Amino acid sequence: MTYDASTRQVRVRAPGKVNLSLAVGALAPDGYHPLATVFQAVSLYEDLTARPSDTFELTVAGPFAEGVPTDETNLALRAARLLAGHVGIEEGVRLHLNKGVPVAGGMAGGSADAAAALLACDALWQTALSREALAELAAQLGSDVPFALLGHTAIGTGRGHLLTPAMTRGEYHWVFALRAKGLATPAVYRTFDRLSGSTAEAEPQADLELMQALRAGDPAALGAVLRNDLEPAAIELAPELTETLAVAHDAGALGAIVSGSGPTVAALARGAKHALVIAAGLTAAGVADEVLCAVGPVAGARVLQTVRLGGDFEPGPLSPVDRA
Ligand code: C5P
């Protein structure tokens with residue numbers, strides 16, 4: 001199948017995430033752990049442009065470009081190939097990624113790349129897949145990819161790929177303490193298995209208190225109930241995280257946890273100014289290689305711009321979330 005190549009470029013933005021709660025069950029026979037998690041999308045972004053090409057190519061720039069593979073293992077390229085195969089497109093795509101989410105940091109940067117690539121190629125090739133069809137492809141690429149498409153706040157079950165959007169109020173201010181040396185997600189889960197022995201629950205449950213805090217828009221109540229079952233495993237693999245967490249607490253954070261599989265530490269602030277105070281505390285203590293402030297929740301992957309033949313610039317079509 002060929003497509004109408006009048007679309008010359010599509011620009012898409014997808015967010016990173018933090019898990020406000022991550023309850024992890026016992027390893028299942030399929031090699032995954034059942035989860036009950038609450039995702040919040042935050043304002044650290046992956047920006048991706050897609051242009052027509054005969055082959056599949058990727059270039060990477062931006063603050064976290066270093067160490068991103070550009071071969072066929074890259075999740076954005078895999079997403080583009082998966083969609084092409086699914087709809088029968090025979091051409092390729094030229095992708096350019098501006099990476100604003102840390103690599104191997106527990107913030108689902110690679111998943112955001114995959115979500116962005118699915119959406120960008122869907123628009124470039126005018127495949128007009130439904131939200132459900134895109135989410136299904138997303139789940140094949142990784143457990144966190146469907147959430148990067150959906151954004152905002154959602155409860156994730158299954159591998160984390162089955163999503164229920166959650167009602168929340170207000171804006172939450174985060175400080176992220178990054179470490180240059182990332183953690184591999186499978187290694188963190190293996191360490192979780194070793195540490196939890198047979199004590200992990202078969203069916204973890206979402207935290208009702210946490211959902212209540214989100215509905216009330218109460219950052220102090222949220223800070224008190226942040227939870228991550230992978231935190232002890234991440235600390236076992238990167239013991240320096242104990243100090244990062246302690247400094248965040250000492251700097252007055254409402255709560256501080258390891259984000260996802262780590263090693264990023266997420267500290268919740270009372271507001272924008274308080275976030276700067278916490279960021280300064282973390283920087284001064286030398287317990288992070290880089291410190292970033294961000295807010296959540298934010299939208300999932302969305303088309304920012306579509307450029308058609310003749311140089312016409314149009315506002316992007318609605319994201320699959322808005323379209324639904
Ligand atoms: O789904 P994704 O490819 O992101 O998962 C990466 C790895 O993380 C899996 O291979 C598995 O080892 C681990 N994982 C898990 N349970 C989950 C999600 C991921 O054990 N729910």
Side-chain angles (χ1 to χ4, degrees), residues 14-41 46 67-69 71-83 99 101-118 134-151 154-164 182-207 227-234 236-238 257-264 300-301:
K17 59 83 185 164
V18 58
N19 300 79
L20 307 177
S21 178
L22 180 51
V24 182
L27 179 63
D30 66 358
Y32 285 85
H33 296 74
L35 304 181
T37 187
V38 181
F39 293 108
Q40 186 178 85
E46 304 285 66
V68 177
D71 62 10
E72 65 279 4
T73 63
N74 180 280
L75 212 50
L77 280 176
R78 284 178 47 207
R81 285 182 192 276
L82 180 69
L83 179 61
K99 212 165 162 55
V101 181
V103 178
M107 299 192 69
S111 302
D113 300 344
L118 282 178
L134 279 179
E136 221 164 275
L137 293 177
Q140 290 179 37
L141 291 158
S143 308
D144 290 341
V145 183
F147 178 71
L149 274 180
L150 185 66
I155 298 173
T157 55
R159 289 183 281 120
H161 68 300
L162 303 173
L163 299 173
T164 309
L183 287 176
T185 305
V188 176
Y189 273 103
R190 276 198 304 275
T191 307
F192 168 86
D193 293 337
R194 183 162 54 75
L195 295 179
S196 62
S198 57
T199 60
E201 301 159 59
E203 274 188 55
Q205 302 295 322
D207 184 332
R227 162 185 175 182
N228 181 358
D229 287 358
L230 292 180
E231 189 166 289
E236 170 101 352
L237 294 170
I257 43 164
V258 168
S259 177
S261 55
T264 302

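Indexing begins at 1, ligand by ligand and atom by atom, following the structure's order. Note: hydrogens, waters and symmetry copies are ignored here, and every other heavy atom, side chains too, is used. Everything numeric in this text was worked out from a predicted model, so none of it was measured.
- The closest approach between any non-hydrogen atom of Leu35 and ligand 1 is below 4.0 Å.
- For atom 15 (C) of ligand 1, the nearest non-hydrogen atom of the protein is His33 ND1, 3.5 Å.
- Protein heavy atom in closest approach to atom 1 (O) of ligand 1: Ser143 OG, 2.5 Å.
- Nearest to atom 8 (O) of ligand 1 among the protein's heavy atoms is Thr185 CG2, 3.4 Å.
- Side-chain atoms of Glu231 come within 3.5 Å of backbone atoms of Val258 as a donor-acceptor pair (strictly under, hydrogens ignored).
- Between Gly31 and ligand 1 there is a heavy-atom distance shorter than 4.0 Å.
- No donor-acceptor distance shorter than 3.5 angstrom exists from the side chain of Ser21 to the backbone of Val38, with no hydrogens or angles considered.
- Closest protein heavy atom to atom 13 (C) of ligand 1: Tyr189 CD1, 3.4 Å.
- Salt bridge absent: Arg78 and Glu72 never bring a charged side-chain N and a carboxylate O closer than 4.0 Å.
- When each atom of ligand 1 is checked for a heavy atom of Gly142 under 4.0 Å away, the hits are 1 (O).
- Shortest contact from atom 7 (C) of ligand 1 to any protein heavy atom: Pro186 CG, 3.9 Å.
- A side-chain donor from one of Ser261 and Thr185 sits under 3.5 Å from a side-chain acceptor of the other.
- With Glu203 contributing its side chain and Glu201 its backbone, the two residues share no donor-acceptor pair below 3.5 Å.
- Where the criterion is an N or O separation shorter than 3.5 Å, residue side chain and backbone included, Arg159 meets it with respect to ligand 1.
- Remark: minimum distance from atom 9 (C) of ligand 1 to any protein heavy atom is reached at Tyr32 CE2, 3.8 Å.
- No side-chain donor-acceptor contact under 3.5 Å links Gln40 to the backbone of Leu20.
- Taking OG1 from Thr37 and CZ from Arg159, the interatomic distance works out to 14.0 Å, rounded to the nearest 0.5 Å.
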